[in-house]
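Working notes, beginning with the structure itself.
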Amino acid sequence: MNKQLHSRRKQRGFVERSTSSDLPPVGPDVVARLANEPLQDVLHTLDSDLKGLTLADVGQRQTRYGPNEIAHDKPPHWAVQLFGAFKNPFVMVLLALATVSYFTDVYFADPGDEDYMGISILLTMVTISGLLRFFSEFRSLRAAEKLKAMVRTTASVRRRVTATGVPERHEVAMRELVVGDIVTLQAGDMIPADLRLIESRDLFISQAVLTGEALPVEKYDTLGAVAQKSAETTAGQGNANLLDLSNICFMGTNVVSGTATGVVVATAGDTYFGALATNVVSHKRVETSFDRGVNSVSWLLIRFMLVMVPVVFMINGLTKGDWVSALTFALAVAVGLTPEMLPMIVSANLARGAMAMSRRKVVVKRLNSVQNFGAMDVLCTDKTGTLTQDRIILEQHLDVAGDEREDVLRLGWLNSYHQSGQRNLIDVAIIRRANEIGEAVQPRDFSKIDELPFDFVRRRLSVVVADAHGEHLMITKGAVEEMLSVSTHVQTPQGVRALDDTARAILLARAEAYNADGFRVLVVATRDIPASETKTQYKTSDEVGLTVCGFLTFLDPPKDSAAPAIAALREHGVTVKVLTGDNPIVTINVCRQVGLEPGTPLLGTDIEPMDDATLREAVGRTTVFAKLAPLHKARVVKALQANGHTVGFLGDGINDAPALRDADVGISVDTGADIAKETADIILLEKSLMVLEEGVIKGRETFGNILKYLNMTASSNFGNVFSVLVASAFLPWQPMLAMQLLVQNLVYDISQMFLPWDRMDPEFLKKPRKWDAGNIRRFMLWLGPTSSVFDITTYALMWTVFGAGALYHAHGGDAGQVIMNSGWFVEGLVSQTLVVHLLRTQKIPFLQSTPALPIMLSTTVAIALACWLPYSPFADALGFVALPGTYFYWLAATMLGYIALAQVVKTIYIRRFGRWF
């Protein structure tokens with residue numbers, strides 16, 4: 001048998017991974033071939049069975065083929081991460097400068113006078129920056145993987161313990177699936193691998209992640225004409241029309257509605273999804289505001305460097321006449337302008353933010369979303385489970401006259417009990433209520449014939465059952481308007497009546513009255529199916545001629561935490577908008593109970609005819625969006641983004657997936673649908689707006705510490721360059737050696753490593769923050785020259801009081817340069833480090849805002865090191881001389897003046913521009 005099977009596979013052209021075993025064939029071409037094979041042959045080819053694989057089969061295939069996951073979903077190997085840590089524009093600049101410095105030393109220095117100290121410092125800076133970034137990102141990626149492991153995406157499979165064992169339903173992680181597994185699907189499920197359908201009922205699949213097409217496509221368990229044609233074309237043209245196969249479901253897509261069973265024909269890299277060699281769900285995302293912000297700031301600083309460095313080079317070359325020395329000094333200035341710690345600071349901040357948020361029951365799947373979370377100024381959320389308790393209660397089961405009737409509950413129970421799709425809170429409420437009443441409303445003499453699953457267009461669900469006599473009855477429940485559109489009669493206390501316009505208006509008015517009282521309303525209707533029309537499979541076209549039997553009213557009470565959470569979000573500059581598929585009257589009622597002024601709601605039917613410009617204008621003034629289809633939610637999110645907002649979307653259902661993908665930060669919950677969890681950037685372990693508010697604060701704190709580094713480094717570097725330009729124009733020699741500039745920059749950068757551990761002022765956290773390269777440029781131009789004032793006074797002090805000028809006039813040449821270099825080095829590094837405490841807050845430092853302990857320690861060590869180096873054993877090698885004791889009195893006076901002037905400039909800046917960072 002095995003030899004015959006092996007021969008048959010080879011004749012069909014299947015690709016074998018193993019010639020030493022009869023494991024099933026794999027490869028991209030296999031899927032297209034299996035789509036056109038009879039089901040029994042497919043099962044033989046895959047060595048599978050409708051009862052499912054045995055556990056031994058599964059273990060053997062997992063060992064042979066590995067986990068069912070796309071390689072790009074895994075963290076890169078540590079070696080790849082290490083290389084990537086050095087791959088950023090600032091490190092490239094430093095390496096280019098090191099290369100130029102090397103050739104300058106080799107070809108222009110006198111024999112025996114080569115000095116590789118500058119190159120050593122440059123490479124040290126590159127190494128420290130790269131390694132710190134590597135360790136930071138390595139830890140953050142490991143932390144992110146641990147956090148993501150808390151959110152499992154599973155699949156439902158049939159498996160047996162032994163070959164003769166009874167098939168059992170197992171819920172397993174998607175990565176544990178193997179070729180030949182029998183998988184069952186229902187609404188909301190992610191397709192865990194490439195599947196050949198065995199059976200299906202009204203199965204609609206969203207293939208948007210693969211095709212970009214928004215509308216779902218229907219899939220069938222039979223090959224059919226469409227699949228037959230597609231399979232034949234595909235067999236001749238490769239994978240060109242593979243997605244058109246109507247009996248194949250592809251990994252990464254998701255079930256919109258219906259149910260199905262399928263056999264796994266490809267996993268991991270052998271799926272169509274894997275053949276794309278990318279995680280489509282993630283990589284289809286546009287560049288986030290975080291990415292754009294980092295890039296804009298990085299290139300701002302690089303452009304500034306490209307302008308300033310040639311100016312320094314030309315001034316020094318023209319005034320000193322030593323072009324080689326001028327080049328060396330210009331390179332050191334370029335290094336001084338390069339914020340090489342930026343990638344490390346960013347990574348460390350994001351990692352700390354993600355871990356801190358995890359302690360607040362927020363799992364961050366994508367680190368960059370931490371900043372987007374803080375920048376969010378509009379939160380779009382569903383109503384159920386967020387504003388409400390997520391525990392729907394069936395309050396009433398009424399006939400059309402408004403009287404309690406157990407018959408209506410009995411019909412609702414039959415519908416909910418027999419439906420096999422994604423059982424929602426309404427079904428749970430109906431069954432719970434029926435259990436409370438007892439067997440009187442739980443008829444067991446009905447058997448299920450078929451069902452028409454819920455979808456977001458029909459907004460109803462039908463079940464066909466047969467009674468003890470074999471007569472078929474269709475029981476349908478759904479939204480009021482959608483139910484009335486397919487109903488022709490109404491069951492009144494006086495008997496069945498035609499559903500004319502008057503009766504329809506009465507029913508609508510009654511439903512609206514229930515809605516106004518805060519109830520969600522469903523209509524229950526039935527249709528007796530004559531024996532001549534009975535069949536084993538029904539279609540949505542059979543949902544006609546229904547008789548309305550009554551109403552089911554549900555109450556979903558508001559959460560106690562919803563009102564204070566909305567108030568807290570509002571206080572922090574986040575506007576909450578409600579996007580729901582529910583009734584507008586119920587939604588308005590709930591919104592008012594939680595302190596959210598609903599205004600005039602915008603319905604899905606209103607959005608449909610709007611062009612983008614009209615919708616952009618409408619979303620700005622609207623708080624409640626009701627009766628929305630999935631694509632309506634996505635359009636609202638895009639319209640808000642087009643208005644300049646950073647939009648977060650909180651959703652947990654299948655219908656939320658398009659909006660989650662389009663939002664700046666998609667937020668779901670660990671109990672949500674698979675597609676929602678897969679699409680989201682952030683997963684909440686507790687579905688609460690209060691948790692969101694805490695996450696927003698942590699996101700802003702993380703972003704604030706990144707902005708601190710950028711503003712402080714950019715302004716201090718600009719001040720140093722401005723001081724260099726002044727000194728180069730008026731001093732007879734360079735105010736500081738290139739090597740001294742490099743050491744100064746190295747010590748300062750190391751002191752900034754602990755900024756991620758700093759705290760932010762509460763005022764900063766009150767508003768959403770975005771990247772603003774213009775403000776960083778303005779900050780740099782205002783605060784940078786402040787330090788230059790005291791650099792110039794230090795030049796004058798060293799020239800006059802400490803004799804640098806007298807030495808030069810007496811001896812000429814470089815006489816006096818050593819004392820000048822030593823004095824300015826200490827003053828420059830002390831002022832650059834000390835001003836961190838002033839610039840890190842818009843308040844008065846120490847008195848109104850105290851830095852975190854790591855910042856206190858790192859800046860203190862840097863200042864102490866600056867004062868020690870002229871007296872250290874390295875002084876001669878670095879070109880320093882011991883400074884007289886009186887210098888430090890002048891240094892203290894200079895620092896007091898600098899802090900006072902910087903505080904005045906800061907106050908003026910805040911008053912003029914209304915902001916600090």
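In this text, all values refer to a predicted model and were calculated from it rather than measured experimentally.
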Pairs where residues 699-715 contributes a residue and the test salt bridge (charged side-chain N to carboxylate O under 4.0 Å, His left out) is met, not counting sequence neighbours: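 The answer is Lys698-Glu701, Lys708-Asp758.
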
Pair listing, salt bridge (charged side-chain N to carboxylate O under 4.0 Å, His left out) test, anchored in residues 634-649, at least two apart: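 Non-adjacent pairs meeting salt bridge (charged side-chain N to carboxylate O under 4.0 Å, His left out): Asp612-Arg635, Lys638-Asp662.
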
Mind checking side chain to side chain contact (heavy atoms under 4.5 Å, CB included) for [X] and listing every partner two or more places apart, or none if nothing turns up?
X      : answer
Thr622 : Leu602, Phe625
Pro598 : Ile588, Cys591, Arg592, Val624
Glu608 : His632

Partner set under ring-ring contact (aromatic ring centres under 6.0 Å, His included) for Tyr909, not counting sequence neighbours: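 By the ring-ring contact (aromatic ring centres under 6.0 Å, His included) rule, Tyr909 matches Phe779, Trp782, Phe913, Trp916.
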
Restricting to side-chain hydrogen bond (donor to acceptor under 3.5 Å, both in side chains), what partner residues turn up for [X], sequence neighbours left out?
X      : answer
Arg621 : Glu617
Arg915 : Asp772
Lys767 : none
Glu597 : none

Enumerate donor-acceptor pairs with a distance under 3.5 Å from any side-chain N or O in residues 561-572 to protein atoms, sequence neighbours excluded.
unit_1 : atom_1 : unit_2 : atom_2 : d
Arg570 : NH2    : Gly595 : O      : 3.2
Glu571 : OE2    : Lys766 : NZ     : 2.7
His572 : ND1    : Ala568 : O      : 2.8

Qualifying residues under salt bridge (charged side-chain N to carboxylate O under 4.0 Å, His left out), relative to Glu763, sequence neighbours excluded: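 Expected list: Lys843.
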
